[in-house]
Amino acid sequence: MKVLAIQQIQREDDGLYYIRRFNAEAVIELPAARVDTTPILFSIEKGPLGTINIDVEITDSLNYPLLPVTKALKTMIRSLDSEGKLP
């Protein structure tokens, strides 16, 4: 399993300056060379001491265990955020 890309990222405005919420589509390569695109919701919350908490929600059903997919998505989101590629 490998996360190939997170595309069509749109930021939701909610008024809280320490939480950023996003809608996007994740392109995931599953075993047997199958590529699946699934919609996701994720948020990035910055704590009072500078800690960053990322929450990911996969909105469609995925025929693969969610724990490794969620972990890989969080890693990619963290790198996109640190590189400044999120809106």
Side-chain angles (χ1 to χ4, degrees):
M1 190 281 313
K2 181 179 180 183
V3 177
L4 300 176
I6 298 176
Q7 54 193 7
Q8 297 182 3
I9 303 171
Q10 298 176 347
R11 185 172 178 175
E12 296 178 5
D13 291 326
D14 61 355
L16 297 174
Y17 67 92
Y18 58 92
I19 298 177
R20 296 180 290 154
R21 300 182 195 277
F22 300 90
N23 291 328
E25 287 187 354
V27 181
I28 303 168
E29 181 181 12
L30 298 173
R34 197 178 96 206
V35 176
D36 194 11
T37 303
T38 184
I40 61 170
L41 301 171
F42 65 93
S43 64
I44 302 172
E45 180 178 356
K46 187 173 253 187
L49 299 176
T51 58
I52 295 176
N53 185 23
I54 299 173
D55 291 322
V56 177
E57 179 182 342
I58 299 172
T59 57
D60 278 354
S61 63
L62 192 62
N63 194 12
Y64 195 79
L66 292 180
L67 191 59
V69 173
T70 305
K71 186 176 179 180
L73 284 169
K74 286 181 180 184
T75 302
M76 181 168 268
I77 291 167
R78 188 175 303 275
S79 69
L80 288 173
D81 187 37
S82 66
E83 294 170 2
K85 294 183 179 178
L86 293 178

Q. Do you reckon Phe22 sits in the same ILVMFWY cluster as Val27, going by side-chain contacts under 4.5 Å, direct or chained?
A.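 In one cluster with Phe22: Val27, no.
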Q) Same hydrophobic cluster for Val35 and Leu30, using side-chain heavy-atom links shorter than 4.5 Å among ILVMFWY? A)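 No, because Val35 and Leu30 fall into different hydrophobic clusters, even though each may have its own neighbours under 4.5 Å.
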If I take atom [atom1] from residue [X] and atom [atom2] from residue [Y], how far apart are they, to the nearest 0.5 angstrom?
| X | Y | atom1 | atom2 | value |
| --- | --- | --- | --- | --- |
| Ile9 | Lys85 | CD1 | NZ | 10.0 Å |
| Glu29 | Arg34 | CD | CZ | 11.0 Å |
| Lys46 | Tyr17 | NZ | OH | 11.0 Å |
| Asp36 | Glu25 | CG | CD | 10.5 Å |
| Lys2 | Ile28 | NZ | CD1 | 13.0 Å |

Does any part of the side chain of [Y], heavy atoms only, come nearer than 4.5 Å to the side chain of [X], both counted from C-beta?
| X | Y | result |
| --- | --- | --- |
| Asp81 | Ile54 | no |
| Asp55 | Glu57 | no |
| Arg11 | Leu86 | no |

Q. Looking only at heavy atoms, what is the nearest atom pair of Ile44 and Ile52, with distance?
A.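 So the minimum-distance heavy-atom pair works out to CG2-CG2, 3.7 Å.
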Q | For the student: nearest non-hydrogen atoms of Met76 and Leu4, plus distance | A |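 Met76 and Leu4 have their closest heavy atoms at CE-O, 4.1 Å.
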Q.
Evaluate Glu12 against Asn23 for side chain to side chain contact (heavy atoms under 4.5 Å, CB included), listing each step before the verdict.
A. CA-CA 7 Å; Glu12 296 178 5; Asn23 291 328; 2.9 Å; yes
Atom pairs and distances, side-chain donor-acceptor, residues 59-70, under 3.5 Å, sequence neighbours left out:
residue : atom : partner : partner atom : Å
Thr59   : OG1  : Pro39   : O            : 3.0
Thr70   : OG1  : Leu66   : O            : 2.8

